[in-house]
Structures are given as structure tokens and as C-alpha cells.
Enquirer: 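Got a structure for you, written out below as C-alpha cells; questions coming shortly.
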Amino acid sequence: MTAQYETNVPLAQVAAELSRVFAQRYGRPPRWIAAAPGRVNLIGEHTDYNDGFVFPMAIERYTVVAADLAATPDQISWHCTRLDATAAIDLAAPIQRGEPRWADYIRGVLVGFQRLGCRLPGLEVAMASTVPLGGGLSSSAALEVASATLLEAVTGRRLEPVAKALLCQQAEHEYAGMPCGIMDQFISVMGQPNHLLLLDCRSRTTDLVPLTNPELAVLIVNTNIRHELTGGGYAQRRAQCEQAARGLGLPSLREASPARLDAAQSTLDPVVFRRARHVVGEIERTVLAAQAIRQADWPQLGRLMYASHASLRDDYEVSCPELDILVEIAQTIGQAGGVVGSRMTGGGFGGCTVSLVQAGRLAEIAGRIRAEYQRRTGLEPSLFVTRPASGAVMVQAGPAAK
Ligand code: ADP
Ligand code: MG
């Protein structure tokens, strides 16, 4: 039987390969190697920009950067093996957005360090990544956080985890033009093996929740499609949430209880009401899901995940047929077949589903999902399995530049 899902290349192996690429390209081994993971959100979707809770974990997929000082003081040469492209960044002039666009995430992080008063040296960098780009698993935060972790080592300027995550978020806002929440950068910085991170986006406080049961695995299935309306869809949802909060006379939907929202139903536009109902319900479900994991109440966790998906599909309207089909297949396999729960994850309109499954039945579950999805959509899904992984790390730490 061919493998039903991709395996993850261990971080040490990705780093070792990258080290060889670096040496081939620049004629010496790297001095520093830093890595940061992608993430998957177990539950709590479209709650981050509503001051709500999210519940992500780091995945065993990383962006890895290897670097050494360059001979030229004000030049950064940053090679991306994934795209086989190199960005040249000039430090002698103010850093501005430019080509190639993917380097804007890095430029934003460089500027973040400059604003802290750090003088950046010339660098030669090689980068590899096992996070799918644009697949909803936050390759963008992995890129920012890996870059920031490298720069901490290079400059000797250590950042507190929250400050580091916020610097990376700011980079994405200002330099990549994406008004993202704080989830992706927080989890890529703060992830811990065998733990999920319950993150309160209002207070920015975090709570690590253990998921240590080795019999459980997280299965991520990529629909491998992305529907076009995403750009406008996201901004529109955000605006509708703000409208709902204003209508309720509250600073954000975090402050709205289900009862208060119901009482105001007749005063709200029906679409805006449904958007708010998703957010208010999802915030509640996220807190309950963390509790369910703590109590090992898997049937409850499953119910919450399916309810989250239905709410995203019907009230928030950010799902799509391919995601719905994947969740339907998983739900049909059900507890009896080893599936605890399943839902779409990420912004929606394509991307991935996340499922919690029994590790011992993975091959069987993955095989069924793959075959059924192909039969019903004519599309080839990508599947991989992960346990909650570590946040950003230095894989190889040389001395800081002077
Ligand atoms: P996601 O974060 O879900 O993967 P985004 O659209 O937020 O999707 O970010 C994807 C973009 O980030 C890519 O199109 C690319 O510009 C940039 N990016 C992320 N990782 C890398 C990488 N390893 N090499 C080059 N560009 C990358
Ligand atoms: Mg992203």
C-alpha cells in the first residue's frame, strides 16, 4: 500500500540539509540556524479580531534560516530554496517594501529590530521551509518568527515572547499589507511540544493546555483549493463584526453574551446578526474545548469541533464545498472509526481541515478520507499528521555579531 499521508521531515534533518545548501552557496558553514513552526488552530476561528479566544498548536513543519555575516557590511542576501529565488536587501538606505514580495515579511522584521535601536550587520542567508506556502498553516508567521529568532542571535538582543510576536505581527501588517490577528505569531513563538495554547486575544494572556495522550494525533487535510473571493471576504467579515459590536453598544463581540445578542436580534441586520452569532458561540466553544481536553472528554471535544464547522459554514459563510465534504467524511467515520472531531481551520474558502484522530487507526482513516474526497470532488487532497510541536528555536547558535 502506498503511504496514505505525508510524513514530516524532522527539524534536525531539514537544518542539516540547509546547512549543506548554505555551504555550497557561500563557501563556508553557517554560523547560526534558527527555526520557527507553522501552526494549526484546533478551534476558535475568526475570533482573534473580535478579542476572543483561539486555541492553536505548533505543527512539525518549520521554516529554517541559516546565516553568517557577509563580507559587505550593508548588504543582506537572502536565498529561498523553496522558490529558488534570492532577495537583496540594502541596509544603507531605509528599508522599504519591494520585490520580491515574499521578502517583505523579512523586511518588516528587519525594520522591527532597527526600531529597537539594533544595528544590523550584512548577512548571507539561506532559507528552507516544510510549511506549505499559502495553505492556511501560517508559513507567513513561520517566516517572520524564524527571521526574528535569527536576528535575536545575530544582534544579541533577546526579546520577550510577547514583544517578539508583536514585532512579527507588526511586520506583517506594515510590510506585507495583511491586517492579521496575533494568533499565528504567538503560537509560532510560544508553542510547546505536547501542548496547545489557549490564547486570550483581548488580554494577550496564554495558557498551555497539555495534549499528552500518545494515542491521539492531529490530522491535517489540505483541500488543495483556494477560492478567489478570499481577499474581500475577510475584510467584509471584520467590518460586519464591528458593526454588530457597535449595534450592541459594546467595544467588541468578546463582551457580548449569547443572551444579549439574542435580545438584540431584531435591531441588527440579519446577516450581521448571523456573523455575530458565530463569533459569540465560537468564543464560548473555544473555552469549552480547552476544558474538554483537560478532562479528556473526547465526545464533548468532537461535538464542539463539528458545531464550530457548522457555524462557520452556515452563519459565517466562510466554508466551501470541498471543506464541507472533508468534514462530512470524517464525521461519517466517527468515534467508532477513530475520529474524535473535525472542522475547517484557518480563514476559509479553501485550505485545510483539522481532525483529532486515534493514532493507531491513522492509515485506515487517511485512506478513507483520501479515497472519498477524490471520488466526490475529483481532487487530490494532501494529508499529514502532527503532534503539538515546539515554537521557535535556535538549532545552531554562534556568537552574536559585534
Ligand atoms: P499562510 O501564512 O497561510 O501560509 P499567507 O498568504 O499568509 O499564507 O502567507 C504566504 C506567503 O508568505 C507566501 O506567498 C510568501 O510570500 C510568504 N512566504 C512564507 N514562507 C515563505 C518561504 N519559506 N519562502 C518564501 N516566501 C514565503
Ligand atoms: Mg499567513
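Read the numbers this way: they start at 1 and go in the same order the structure lists the ligands and their atoms.
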Enquirer: What atoms in ligand 1 come closer than 4.0 Å to a heavy atom of G134?
Expert: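 It comes down to these atoms of ligand 1: 1 (P), 4 (O), 8 (O), 10 (C).
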Enquirer: Quick one: look up the protein heavy atom nearest atom 23 (N) of ligand 1 and list residue, atom name and how far away it is.
Expert: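 Nearest protein contact, heavy atoms only, for atom 23 (N) of ligand 1 is S129 CB, 3.4 Å.
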Enquirer: Under 6.0 Å from the CZ atom of R376, do we count more than 12 heavy atoms belonging to anything else shown?
Expert: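 Counting other residues, nucleotides and ligands, CZ of R376 exceeds 12 neighbours.
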Enquirer: Q331 and S342: side-chain donor and acceptor closer than 3.5 Å?
Expert: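 No pair is found: no donor N or O on one side chain lies under 3.5 Å from an acceptor on the other.
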Enquirer: Other residues, nucleotides and ligands only: do more than 12 of their heavy atoms fall within 6.0 Å of CZ on R97?
Expert: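 Enclosed.
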Enquirer: Do T86 and R25 have side-chain N/O donor and acceptor atoms under 3.5 Å apart?
Expert: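 Their side chains do contain a donor-acceptor pair, which is all the 3.5 Å distance test asks for.
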Enquirer: If you have a sec, work out which protein heavy atom is nearest atom 26 (N) of ligand 1 and how many Å separate them, to one decimal?
Expert: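 Answer, as residue, atom name and distance: W102 CB, 3.3 Å.
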Enquirer: Ignoring hydrogens and geometry, is there a side-chain-to-backbone donor-acceptor pair from R31 to P399 under 3.5 Å?
Expert: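 Yes, R31 side chain to P399 backbone: donor-acceptor pair under 3.5 Å.
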Enquirer: If you count the atoms of ligand 1 from 1 in the order shown, which ones are under 4.0 Å from a heavy atom of P132?
Expert: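 By the 4.0 Å cutoff, the relevant atoms are 4 (O).
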Enquirer: Would you kindly check if the NZ (Lys) or CZ (Arg) of R157 is within the cone defined by 45 degrees around the ring axis of F113 and under 6.0 Å from the six-membered ring centre?
Expert: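 Here R157 fails the 6.0 Å and 45° test against F113.
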Enquirer: Report the distance from atom OG1 of T386 to atom CD of E6, rounding to the nearest 0.5 Å.
Expert: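 Separation between the atoms: 12.0 Å.
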Enquirer: In terms of residue, atom name and distance, what is the protein heavy atom nearest to atom 3 (O) of ligand 1?
Expert: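 Going atom by atom, the protein heavy atom closest to atom 3 (O) of ligand 1 ends up being G136 N, 3.0 Å.
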Enquirer: For atom CD of Q295, is the number of surrounding heavy atoms from other residues, nucleotides or ligands below 6.0 Å larger than 12?
Expert: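 Yes, because the 6.0 Å sphere around CD of Q295 holds more than 12 heavy atoms from other groups.
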Enquirer: Is the contact between S140 and ligand 1 made by the side chain, the backbone, both, or neither, using heavy atoms and a 4.0 Å cut-off?
Expert: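 Both parts.
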Enquirer: Any idea which of L137, I106, L133 brings a heavy atom closest to atom 21 (C) of ligand 1?
Expert: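 Nearest heavy atom to atom 21 (C) of ligand 1 lies in L133.
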Enquirer: Without swapping roles, check the side chain of S188 against the backbone of D184 for a donor-acceptor pair under 3.5 Å.
Expert: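 Judged by distance alone, no pair lies under 3.5 Å.
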Enquirer: What is the closest protein heavy atom to atom 11 (C) of ligand 1, and at what distance does it sit?
Expert: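 Scanning the protein heavy atoms, the shortest distance from atom 11 (C) of ligand 1 goes to Y105 OH, 3.6 Å.
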Enquirer: Of the protein's non-hydrogen atoms, which lies at the shortest distance from atom 27 (C) of ligand 1, and what is that distance?
Expert: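 Residue, atom and distance for the closest contact: L143 CD2, 3.6 Å.
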Enquirer: Looking at ligand 1, does G346 have a heavy atom less than 4.0 Å from it?
Expert: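 Distance cut 4.0 Å: G346 fails for ligand 1.
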Enquirer: Would S140 count as a contact for the Mg ion (ligand 2), in the sense that one of its N, O or S atoms lies under 2.8 Å from it?
Expert: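 Yes, within the cut-off.
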Enquirer: Check whether any protein heavy atom sits under 4.0 Å from atom 1 (P) of ligand 1.
Expert: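 Yes.
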Enquirer: At the 4.0 Å heavy-atom cut-off, does M127 count as touching ligand 1?
Expert: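 In this structure, M127 qualifies as a contact of ligand 1 - some heavy atom is under 4.0 Å.
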Enquirer: Which part of C80 is near ligand 1, with near meaning a heavy atom under 4.0 Å away: side chain, backbone, both or neither?
Expert: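 Just the side chain.
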Enquirer: Tell me: protein heavy atom nearest atom 10 (C) of ligand 1, and distance?
Expert: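 The protein heavy atom lying closest is S139 OG, 3.5 Å.
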Enquirer: Quick one: does ligand 1 sit under 4.0 Å from the side chain of C180, the backbone, both or neither, non-hydrogen atoms only?
Expert: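 Neither part.
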Enquirer: Is the backbone N or O of P179 less than 3.5 Å from a side-chain atom of R238, with the two atoms forming a donor-acceptor pair by type?
Expert: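 Pair found, side chain donor or acceptor close to backbone of P179.
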